[in-house]
Amino acid sequence: MSDQQIPKTFDPADIEGRWYPHWEEKGLFRPERPNADPWTLVNPPPNVTGSLHIGHALDNTLQDVLVRYERLRGKDAKWVVGVDHAGIATQMVVERQLGQKGQKRTDFSREEFVAKVWEWKEESGGQITGQLRRLGCSMDWSNEQFTMDPHFVKAVTKVFVDLHKDGLIYRDKRLVNWDPGLKTAISDLEVEQAEIKGHFWHFRYPLADGATLADGRDYIEVATTRPETMLADMAVAVHPDDERYSSVVGKMVELPITGRRIPVVADEHADPELGSGAVKITPGHDFNDFEVGKRAGIAPADMLNMLDADAHVVQTADGLIPDEFLGLERFSAREAVVAKMKELGFLIPHSVTTKEGETEELDAEPRKIMTPYGDRSNAVIEPWLTDQWYVDAEKLAEAPIAAVKNGDIGIVPETWKKTFFNWMENIQPWCVSRQLWWGHRIPAWYDDNGNAYVAMTEQEASEQAGGVPLTRDEDVLDTWFSSALWPFATQGWPDTDVKGEGRYPNDVLVSGFDILFFWDARMMMMGMHLLGDVPFRDLYLHGLVRAADGQKMSKSKGNTVDPLGLIDMYGADALRFFMTAMESQGRDIKMDEGRIEGYRNFATKLWNAARFAQGYGIGASESVAPPAATTAVNKWIVGETIRTAQALDLAMADYRFDAYAAAIYQFTWNRFCDWYLELIKPVLQEEGHTDAAETKAVAGWVLDQILVMLHPVMPFITEELWHKLGARPYDLIVSKWVSSDSRSLDPEAAAEVDWLIELVTAIRSSRSELNVPAGARLPLYVRDASTETTARLDRNEAALERLARVDGISASPAPEGGSAQIVVGEATFVIPLEGVIDLDAERARLKKNADAAGKEVRALEGRLSNENFLAKAPEAAVEEARQKLADRKAEKQRLDAALERLG
RNA sequence: GGGCGCAUAGCUCAGUGGUAGAGCACUGUGUUGACAUCGCAGGGGUCGGAGGUUCGAACCCUCCUGCGCCCA
């Protein structure tokens, strides 16, 4: 695949198909580098059920840019990759498949079902790993991980046992977020709140034993959005300072329907301003009420429960729910309760005035209510009282909070710190049990009395229990429990000393901000507790990729963009460049196909430049250091290359992906292609030119550096060109980063080429504005030139003639008659245009330039005549202004003189 | 209700104190064989509004308007 002629057309698909297998088969994603500094990045494991979406494309492109950059800089860069077993998602997929055959999970034993999941995983899981390869991601596939691998099971079990031993995992009876659709508990992070149209019903709760309120009423009015829960009400709460109710605190209410006698309690949770000021309390079915209930002295074990796992009504412990309600689904129960309350006369209707001005009575007040939904099932979540395993997140959060505060972990962009602290400082116990079959089974065993024994093995548990018969906990762990171990369990912990190997802490973690709490924070908690150090030095959070109209992409909206389709259309390199160029520290990225197309064009431009170079015998550079350069143009481009490499290093150090992309784009196209290649054409095209050897060496070196610098973003085209340009001792992916030694910068050469570019541009501009035919070659006269300018003209005559279509340069006076006059520096350049020139057009052009200069002169004079500026501004700013004023003033004078000569 | 972010050229976005840039789009034009997926030249912005700090504000502060996200 080396040293061949570069084809005329650039075909990304062909190149991509060849290079990826080459890199992977030769083990170049993780070459042997025994003495190199380790550098480690772990990839957020995609779900085993997942396929590549545009967010993955962004996330993985950024990571690959970092990895390829560090690999080029000589690090022993390791990018850990793998797949997450994704408990709920995967179980759902397999259950859906069974459903198509008319079967369900419970038709099988647990072992049979889990076997089916493994079968599915082997056959169709992990599609995404192939798709990541198409994107060009250089992960260490030889160490591919799965969160259900045996060593992962061992690590997870050990962590559970150890945390339990440390008192950081415990079993507790609390309200959980119960998903009746999936029939499992989920964590608070997996609950999404959505505002929906609902109702607010007002009920009378009669006071018992003849008690009355201060105003004589014999009932308390309560309001609720979930009337069915009254079947399990255990109290009515009023604010302790609310005088309307002070006479009844401690008295009883006799609940309609169940006839349960419940106390009126004083609790600050009741808001006197809201509704009647009294609230019904259902501790077993509401998070706030649970707390009120506990404060009122009701133990969680005594709290009434009225729903089963399917959210159907079941009899409460006191047996007071009438039979007619038992077995009703929760929303039917709601209607039934309202109907019953209305029938019994306890419903307080809501009066509204119609458009016609009439009064109408409704059963309930319409109201927007926040409703919790499960993020996977989309079912309305039910707070439900159960025994579950909890992680003491509050305790584990302490170290990460400190680490972020003292800078041991850097969060980029910093603005996320506040959100991070806000969550970590108000964190709730993390419910980690899931009532699923697919996942890490909780290593807890119970004896007949319900005592739990937590151990690595059943045998150990049995020993703890003194040999009594035990049954294992049916539940599995939250998927995020295992992925929280990702930075070290993937690398062999606890059997391997990942810290000693320099692989922990990882160097950086890249993730979307949407999993900051789900994953990033939990890795910090686990990593810091278990390994005593931060899991990563830096956390880079990027945003979301949005649709072109700014909307969030979603399957249900049908506005998703398939990254593989974009790769087919524009090439993986172009998509990657787009992602890199648009990534400016965490801001969301709006999809813009025009840009992707533009970056495809950029790749084509580079392709053609390389083809041109090859046509003139320019090829693989022989040294990493820049070759010796003597001409100004060669010195200049070497300097520009080095400055670009420095800009790229700076961009990477700050995680400024956009700056990286912009710098290499600008250098390649606007410096190398637009100017350098054009400037050296006279040297290349003249047979036996004295500068030819040097120029070819420099051009080859610069082109190589472009390939190196661009490689992290566009790996495919650069590797292809690398080999096409000559025989290489190694592949580009493992070549060496640019040696950016500032000693190779030459200010004088840079000044000369900058001057040349300014002159060419000025001549082109005036020709264009004066409508000089593009092909016309015209003589150039120069007046007032300094000796330096004269020397520069002499050195650059060939380039000038070519680029500005000049036919000879003369220092003698220009012939009389109409001419274009161009002011550059101290000199004025004259192009006679007798008979061709439109004098009015030239006058207008000169006047436009003179006016622009004049405007700046006035502004600068204004600033410099301000005493405060002179007194308070830094000396450098004043000096700069003075210099600029002098330059612009001189330019204005020359332009005025030119105008005068024109008459 | 609390918090965060955004508002810069027609579009998508850079720009954290010295007088505004890129890509695309637009207009004109095409010269010697790298490239029309291109070259050259050009037009286009009172930097959302108001006030303040400063010699100087797109940039810092306050308020306002509009949009987005997160939490309750």
Side-chain angles (χ1 to χ4, degrees), chain A residues 6 8-10 188-189 192-193 287-288 370 413 415-423 426 513-514 516-517 543-544 546 548-552 570-571 574 577-578 581-616 618 656 658-659 661-662 665-666 669-670 673-674 677-678 681-682 684-685 760-777 801-805 848 855-856 859-860 862-874 876-878 880-881 884:
Chain A
I6 300 170
K8 190 161 166 53
T9 51
F10 163 53
D188 48 357
L189 283 176
E192 286 173 357
Q193 304 286 341
F287 287 101
N288 285 317
M370 290 303 279
T415 169
W416 283 105
K417 276 188 186 174
K418 276 192 186 172
T419 311
F420 175 80
F421 291 136
N422 188 46
W423 187 69
N426 296 288
F513 62 70
D514 51 331
L516 173 59
F517 304 135
L544 258 49
R546 297 178 167 274
D549 59 1
Q551 293 233 0
K552 205 166 162 175
Y570 304 105
F577 203 99
F578 168 76
M582 299 304 286
E583 178 56 33
S584 62
Q585 296 218 326
R587 188 171 168 146
D588 285 352
I589 293 176
K590 263 189 231 179
M591 206 51 220
D592 183 358
E593 271 200 47
R595 280 222 184 212
I596 304 179
E597 191 183 347
Y599 297 131
R600 192 269 322 267
N601 295 353
F602 171 69
T604 308
K605 182 80 181 175
L606 174 65
W607 183 265
N608 283 307
R611 212 157 60 83
F612 165 78
Q614 187 176 60
Y616 283 98
I618 293 164
R656 287 308 305 244
D658 56 342
Y665 182 101
Q666 204 269 345
W669 200 317
N670 305 118
C673 292
D674 287 349
L677 290 182
E678 295 303 326
K681 275 180 181 174
L684 299 177
Q685 288 168 357
V760 169
T761 305
I763 295 174
R764 282 173 172 172
S765 181
S766 56
R767 288 174 59 116
S768 172
E769 284 179 52
L770 295 172
N771 295 316
V772 174
R777 300 177 58 102
E801 291 188 338
R802 181 191 184 93
L803 299 185
R805 301 210 54 78
K848 187 182 80 179
K855 194 179 159 196
E856 268 198 71
L860 289 160
R863 205 188 312 171
L864 284 163
S865 63
N866 181 337
E867 281 175 30
N868 282 324
F869 176 67
L870 297 177
K872 294 183 182 175
V878 177
E880 195 186 324
K884 216 163 161 187

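A note on names: the letters A, B, ... follow the listed sequences, proteins ahead of strands, and every chain is numbered from 1. Hydrogens, waters and symmetry mates play no part in the numbers below; they use all other heavy atoms, side chains included.
Across all strands shown, A:A662 has no heavy atoms under 4.0 Å from either base or sugar-phosphate atoms. Residue-level contact check: A:M591 touches neither bases nor backbone, having no heavy atom under 4.0 Å from any strand. Using a 4.0 Å heavy-atom distance criterion, A:K872 is classed as a base contact. Contacts of A:D674 with the nucleic acid, taken as non-hydrogen atoms under 4.0 Å apart, involve only primed sugar atoms and P, OP1 or OP2. Note on A:R595: a base of the nucleic acid sits closer than 4.0 angstrom, heavy atoms only.
Remark: P of B:C38 and CD of A:E597 are 9 Å apart, rounded to the nearest angstrom. In this structure, CZ of A:R767 is placed 14 Å from C1' of B:G39, rounded to the nearest angstrom. The interatomic distance linking A:L770 (CG) with B:U29 (P) rounds to 15 Å, in whole Å. Rounded to an integer number of Å, the gap from A:I589 CD1 to B:U12 C1' is 11 Å. If you take CG of A:N868 and P of B:G18, they are 19 Å apart, rounded to a whole angstrom. If you measure from atom NZ of A:K855 to atom C1' of B:U19, you get 10 Å, rounded to the nearest angstrom. One interatomic measurement links the two molecules: CZ of A:F578 to C1' of B:U12, which rounds to 8 Å at whole-angstrom precision. Atom CD of A:E856 is separated from atom C1' of B:A20 by 13 Å (rounded to the nearest Å).
Here the separation of B:U19 from B:G5, taken at their P atoms, is 28 Å to the nearest Å. B:C55 and B:U65 are spaced 32 Å apart, taking the C1' atom of each and rounding to whole Å. Taking the P atom of each, B:C40 and B:C4 are spaced 47 Å apart, rounded to whole Å. Comparing the same atom, P, in B:G21 and in B:C47 gives a spacing of 14 Å after rounding to whole Å. Remark: the separation of the P atoms in B:U46 and B:G28 is 24 Å, to the nearest Å. Nucleotides B:U16 and B:G1, compared at atom C1', are 32 Å apart to the nearest Å. Straight-line distance between the C1' atoms of B:A57 and B:A20: roughly 13 Å, to the nearest whole Å. For the P atoms, the distance linking B:G66 with B:U29 amounts to 47 Å, nearest Å.
On a pure distance criterion of 3.5 Å, a polar donor-acceptor pair joins the side chain of A:E678 and the base of B:A34. A donor-acceptor contact under 3.5 Å links the side chain of A:K605 to the base of B:C35. You'll find a donor-acceptor pair under 3.5 Å spanning the side chain of A:R863 and the base of B:U19, going by distance alone.
In terms of heavy atoms, A:A881 sits closest to A:R863 at CB-NH1, 4.4 Å. Taking each heavy atom of A:N670 and A:D674 in turn, the nearest pair found is ND2-OD2, 3.3 Å. When every heavy atom of A:L516 is checked against every heavy atom of A:F420, the shortest pair comes out as CD1-CD1, 4.2 Å. Looking at every heavy atom in both residues, A:D588 comes nearest to A:G543 through OD1-CA, 3.4 Å.
Relative to the six-membered ring of A:Y570, A:R600 misses at least one condition, a distance below 6.0 Å or an angle of at most 45° to the axis. A cation-pi arrangement is present between A:K681 and A:F612 under the rule of less than 6.0 angstrom and at most 45 degrees off the ring axis.
Heavy-atom nearest nucleotides on RNA chain B were determined for A:S765 and for A:A859, and the one closer to the 5' end corresponds to A:A859. Nearer the 5' end of RNA chain B, as judged by each residue's closest nucleotide, is the contact made by A:Y599, out of A:Y599 and A:T604.
The phosphate of B:G18 has neither OP1 nor OP2 within less than 4.0 Å of any side-chain N or O from A:K884. Between A:R805 and B:U29 there is no side-chain polar atom (N or O) within less than 4.0 angstrom of OP1 or OP2. The phosphate of B:G5 has OP1 or OP2 within less than 4.0 Å of a side-chain N or O from A:T415. Between A:S768 and B:G42, a side-chain N or O to OP1/OP2 separation shorter than 4.0 Å is absent. Here A:R587 reaches the OP1 or OP2 of B:A7: one of its side-chain N or O atoms lies under 4.0 Å away. Close to B:C35, at under 4.0 Å from its OP1 or OP2, lies a side-chain N or O of A:K8. The phosphate of B:U12 (OP1 or OP2) has a side-chain N or O of A:K590 nearer than 4.0 angstrom. Contact annotation: A:W669 side-chain N/O to B:A34 OP1/OP2 distance is not under 4.0 Å.
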Taking only nitrogen or oxygen atoms into account, show me every contact under 3.5 Å that the protein makes with nucleotides 66-71 of chain B, one pair per line with its distance.
none

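Side-chain proximity of A:R764 to B:A34, B:A14, B:C40: nearest is B:C40.
Classification of the A:F578-A:Y599 ring pair by plane angle, with boundaries at 30° and 60°, yields tilted.
A:R656 and A:E583 are not joined by a salt bridge, as no carboxylate oxygen comes within less than 4.0 angstrom of a charged side-chain nitrogen.
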